[in-house]
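Accompanying notes for the structure given below.
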Amino acid sequence: MNEYRTHTCGELRADNIGSTVKLAGWIHRKRNLGNLCFVDLRDHYGITQCVFDSSSDLFDTIQNTRVESVIGIEGVVVARESVNKNMPTGDVEIKVSALTIYSEADVLPIQVFGEGNEPEELRLKYRFLDLRRERIHNNIMLRSKVIAEMRKLMVEQGFTEYQTPILTASSPEGARDFLVPSRINPGKFYALPQAPQQFKQLLMVSGFDRYFQIAPCFRDEDPRADRSPGEFYQLDMEMSFVTQEDVFAVMEKTMGTIFKKFANGKTVDEAPFIRIPFREAMLKYGSDKPDLRNPLTIDDATDFFNNSGFSVYDEKAKNGEQIRAIRLPNAGNKPRSFFDKFDAFAKEEGFGGMAYVAFADGTVKGIAKFFNEEKLRELKNKFAMDEGDAIIFMGGKKINKFAGIVRNKLGEALDLFDKNAFKLCWVVDFPFYEENEETGAIEFSHNPFSMPQGGLEALNNKHPLEILAYQYDMVCNGVELASGAVRNHLPEIMYKAFEIAGYDHSIVDNKFGGMINAFKYGAPPHAGCAPGIDRTVMLLLDEPIIRDVILFPLNGKAQDLMMQAPNTVTEEQLKELHIAIDLPKE
RNA sequence: GGGGGUGUAGUUCAGUUGGUUAGAACGCUGCCCUGUCACGGCAGAGGUCGCGAGUUCGAGCCUCGUCGCUCCCGCCA
């Protein structure tokens, strides 16, 4: 190959026996038997065993060179006396005749060999070592393959990648911006894009038709296990002269292929993925990101509790509270403690309790004793109950979300999740507006730039809370993978939409002038979507922590412990920017 | 901003109702070992028990405060 190596450490096989080779890499492990020293030499491609003999004058040197030092060796490939079937290069080893130490390693703060369950703080501080470890190294490699495949799939479907600005304007909606001071414009700030949203729409106005970008996005919000602090990447896409279904078709092809290609044995839903209207998702799954690996669904049981005999829930229903039911197939013989545990959970969460009915061994348990025979028949019919089944009831205000949590807990407790599947769906028909709980005001529920279903007519004639948006999320196994919308490209509708939310013309022009102005000069109908790349990789790898699929993530306080960012800057730098630091006392 | 968890050797952890010199494994140092592959064996170094105060004859352990980390809620598509 070159003067450093003729082969990589993952390459040599029995066919190479007899040839003289040069390898270079890190000392992964050493096994010193006194007169014989085995060295596992590791590089990006794999591990090859090298043997040093005590008769060689290299023996002392290798003995004294610490693990994770970088060395180069030369020697003859020989057959092993004892083959190691667990490694691809396990048939051979190198009988070393020359050794070069390129870089000696100090005593390590974290071991590269092994599981690596040190605190994340330490792993991030020594991320360069952490990244040498097989698991993280492979995670990053898969991420790269996923991105390469995404590019290929998008290009194949007629999309072109464009770069949009990183230094841009602060947008008043959504998350907090990261700000960058401008030296040339004292007192003014750029913002890092929360997403290339406005630029990709402007690209449509400019006639580029099909855009995509592996786009960095920046949001100054607190992280979570599945939410990377500070920055993350999206497969951002937008297309002109299309409906929602056209976007779905492209994304189903792209994401469907990605999941199938990298699913690692798990099953993947075939396109088209099922569409679930938002309201149905909230009722049936208690979430706008339903985990369809869980077969349990939630029913509305409010009507059932009308003079049912069970006065607690009859009262709740009468008082305008909602009652939800979850049918549990074949759970009728669960012990009372099983149901009591959920009852206690509901009480804990402020929902009063959870009642149940269980049919088992010809008897019926739970609150069934309050029902007469007719009501019991109605129960069986309405909720499709059979002998051996159970059903659990809960009620209260804002019950949907709670029912969703219970659905997940029940699914876990009954071990119903199909752990070997990627279940993909679209949640569609998000409401355009929602009511502010405290003030009662009408507000945009998500993106104000999406197209209301029914257009201007709907805005003029429908009750705002009845209006739906052409807005959609792609959901996989309970994770919101992507969201997108058919955009509102008509200024007239935009002004009206904002008016309903309490913004007059001048405010809209002032805040969103850039985009609205462009729409006045011929804007095509357009729509788009943006799947999160970090989350996709996380799902594919079954990694619970998003930071483990990112090379150099910030920690929970948005700090880079290795590079020491953020950090203070010099007086001169601040002066040049006309910035004074005014920290709170304490 | 709020709630939960956690902090003991370089690392992962154990540490009994408060009781003598705080332990183990991995790592590190030295010695022995020619077929190992998580090599093995012997010996050794390594600790202000996060920090501060308090209770006590006596605190790693109890109390209060404080700091760090982490997970969740808020926030965030």
Side-chain angles (χ1 to χ4, degrees), chain A residues 28-42 47-56 59 63-64 66-68 78-87 89-91 93 95 105-126 129-130 173-177 194-195 197 217-232 234 236 288-289 349 401 405 427 430 444-450 471-475 479-485 528-532 534-535 544-547 555-559 561 586:
Chain A
H28 188 62
R29 295 289 275 181
K30 276 196 296 182
R31 291 175 294 281
N32 191 342
L33 277 63
N35 282 315
L36 199 61
C37 183
F38 296 99
V39 169
D40 290 338
L41 192 63
R42 183 195 74 238
I47 291 177
T48 300
Q49 176 166 285
C50 306
V51 196
F52 292 77
D53 198 287
S54 63
S55 61
S56 150
F59 196 77
Q63 271 202 81
N64 293 322
R66 222 175 258 123
V67 160
E68 292 305 314
V78 297
R80 284 203 196 185
E81 276 183 34
S82 49
V83 164
N84 186 339
K85 289 198 161 46
N86 295 324
M87 50 198 293
T89 62
D91 286 333
E93 64 192 12
K95 208 167 149 51
D106 215 331
V107 174
L108 301 165
I110 61 175
Q111 285 173 249
V112 170
F113 178 84
E115 284 307 305
N117 57 338
E118 296 88 359
E120 197 178 35
E121 195 184 0
L122 200 65
R123 289 179 47 212
L124 291 182
K125 184 169 178 190
Y126 298 99
L129 292 177
D130 195 35
E173 293 292 318
R176 268 186 284 264
D177 286 314
Q194 295 181 23
Q197 182 66 36
C217 305
F218 306 89
R219 284 170 198 167
D220 186 7
E221 295 294 346
D222 289 1
R224 288 284 183 278
D226 65 347
R227 212 163 71 199
S228 167
E231 57 184 73
F232 62 96
Q234 286 182 343
D236 196 42
D288 60 357
K289 37 186 190 229
E349 297 292 317
K401 205 177 163 194
I405 292 166
V427 176
F430 278 80
F444 291 109
S445 58
H446 289 286
N447 185 339
F449 302 112
S450 58
Q471 205 161 47
Y472 36 84
D473 283 359
M474 184 191 276
V475 175
V479 174
E480 180 195 311
L481 254 198
S483 64
C529 192
D534 313 86
R535 281 189 183 174
I545 306 289
I546 203 164
R547 295 180 292 273
N555 73 357
K557 289 188 89 179
Q559 298 160 332
L561 300 172
E586 266 182 294

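Residue numbers start from 1 in every chain, and the chains themselves are labelled A, B, ... in the order their sequence lines are given, proteins ahead of strands.
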Applying side-chain contact (heavy atoms from CB on, under 4.5 Å), run through A:N447 and A:Q471 and close with a yes or a no.
CA-CA 8 Å; A:N447 185 339; A:Q471 205 161 47; 3.2 Å; yes

Roughly how far apart, to the nearest Å, are B:A59 and B:C75 at atom C1'?
42 Å

Kindly say if A:R224 contacts the phosphate of B:G74, meaning a side-chain N or O under 4.0 Å from OP1 or OP2.
no

Give me, pair by pair, the N or O atoms of the protein and of nucleotides 3-14 of chain B that are less than 3.5 Å apart, along with how far apart they are.
residue, atom, partner, partner atom, Å
B:U12, OP1, A:P119, N, 3.4

Any side-chain heavy atom of A:L481 sitting closer than 4.5 Å to one from A:V475?
no

Atom CD of A:E221 and atom P of B:C73: how far apart are they, to the nearest Å?
14 Å

Give the dot-bracket string for RNA chain B, reading 5' to 3', where a pair is Watson-Crick or G-U wobble with both distances under 3.5 Å, ( ) marks pairs inside the strand, [ ] marks pairs crossing earlier ones, | marks a partner on another strand, and . marks unpaired.
(((((((..((((.....[...)))).(((((.......))))).....(((((..]....))))))))))))....

ring-ring contact (aromatic ring centres under 6.0 Å, His included) involving A:F430 - partner list, sequence neighbours excluded
A:F278, A:H446

Ignoring hydrogens and geometry, is there a side-chain-to-backbone donor-acceptor pair from A:Y472 to A:S483 under 3.5 Å?
no

Roughly how many Å apart are B:G41 and B:C33, using the C1' atom of each and rounding to a whole number?
8 Å

Sticking with atom P, work out how far B:G10 lies from B:A45, rounded to a whole angstrom.
15 Å

Between B:G58 and B:G74, how far apart are the two P atoms, rounded to whole Å?
48 Å

A:K401 atom NZ is separated from B:C72 atom P, nearest whole Å, by 13 Å

For A:R547, answer base if it contacts any base atom (sugar-phosphate contacts may also be present), sugar-phosphate if it contacts only those atoms, and nothing otherwise; contact means non-hydrogen atoms under 4.0 Å.
sugar-phosphate

Whole-angstrom distance between B:C57 and B:U20, as gauged at atom C1'
14 Å

For atom CD1 of A:I546 and atom C1' of B:U70, their distance in whole Å:
17 Å

Nearest whole Å is fine: how far is B:C76 C1' from A:E231 CD?
16 Å

Inspect the contact between A:E68 and A:R42 and indicate whether a charged nitrogen and a carboxylate oxygen are less than 4.0 angstrom apart.
yes

Under 4.0 Å between a Lys/Arg side-chain N and an Asp/Glu carboxylate O for A:R31 and A:D40?
yes

Using atom names, set out every protein N or O paired with an N or O of nucleotides 35-38 of chain B below 3.5 Å, distance rounded to 0.1 Å.
residue, atom, partner, partner atom, Å
B:G35, O6, A:E81, OE2, 3.4
B:G35, N1, A:E93, OE2, 2.8
B:G35, N2, A:E93, OE1, 2.6
B:G35, N2, A:E93, OE2, 2.9
B:U36, O2, A:R31, NE, 2.6
B:U36, O2, A:R31, NH2, 3.3
B:U36, N3, A:Q49, OE1, 2.9
B:U36, N3, A:Q49, NE2, 3.1
B:U36, O4, A:Q49, NE2, 2.8
B:C37, O4', A:R31, NE, 2.9
B:C37, O2, A:R80, NH1, 3.2
B:C37, O2, A:N84, ND2, 3.0
B:C37, N3, A:R80, NH1, 2.8
B:C37, N4, A:S82, O, 2.7
B:C37, N4, A:S82, OG, 3.1
B:A38, O3', A:R29, NH2, 2.9

Under a 4.5 Å cut-off applied to non-hydrogen side-chain atoms, are A:V107 and A:R66 in contact?
yes

First encountered from the 5' end of RNA chain B, between A:G556 and A:Q234:
A:G556

Between the side chain of A:R535 and the main-chain N/O of A:D226, is any donor-acceptor distance below 3.5 Å?
yes

Sugar-phosphate, base or nothing in reach of A:N32, heavy atoms under 4.0 Å:
base

With side-chain contact (heavy atoms from CB on, under 4.5 Å) as the test, would you mind laying out the steps for A:Q194 and A:D177 before giving the verdict?
CA-CA 7 Å; A:Q194 295 181 23; A:D177 286 314; 2.7 Å; yes

Start at the 5' end of RNA chain B and walk down; is the nucleotide closest to A:R227 or to A:D53 reached first?
A:D53

Using the C1' atom on both, measure B:U8 against B:G46 and round to a whole Å.
14 Å

Check this for me: A:K95, atom NZ, are more than 12 non-hydrogen atoms of other residues, nucleotides or ligands nearer than 6.0 Å?
no

For atom NZ of A:K557 and atom P of B:C71, their distance in whole Å
13 Å

Nearest-angstrom distance, C1' atom, B:G19 to B:G5:
30 Å

Quick one: pull up CG in A:L122 and CG in A:N117 and give me the separation to the nearest 0.5 Å.
11.0 Å

If you measure from the C1' atom in B:A14 to the same atom in B:U6, how many Å do you get, rounded?
16 Å

Does A:R176 have any side-chain hydrogen bond (donor to acceptor under 3.5 Å, both in side chains) partners at least two apart in sequence or in another chain, and if so, which?
A:E221

Under 3.5 Å side-chain donor-acceptor pair for A:N32 and A:Q63:
yes

Separation of B:G27 P from A:D106 CG (nearest whole Å):
17 Å

Write down the distance between CD (A:E480) and P (B:C75), rounded to a whole number of angstrom.
15 Å

Can you name the atoms? Protein N/O to nucleotides 28-30 of chain B N/O, anything below 3.5 Å, with the distance.
residue, atom, partner, partner atom, Å
B:U29, OP1, A:R66, NH2, 3.4

Taking side chain as C-beta onward, heavy atoms only, is A:E118 less than 4.5 Å from A:Y126?
no

Whole-Å distance separating the CZ atom of A:R176 from the C1' atom of B:C75:
6 Å

Under the side-chain contact (heavy atoms from CB on, under 4.5 Å) rule, what do A:E93 and A:V78 come out as? Steps first, then yes or no, please.
CA-CA 6 Å; A:E93 64 192 12; A:V78 297; 3.5 Å; yes

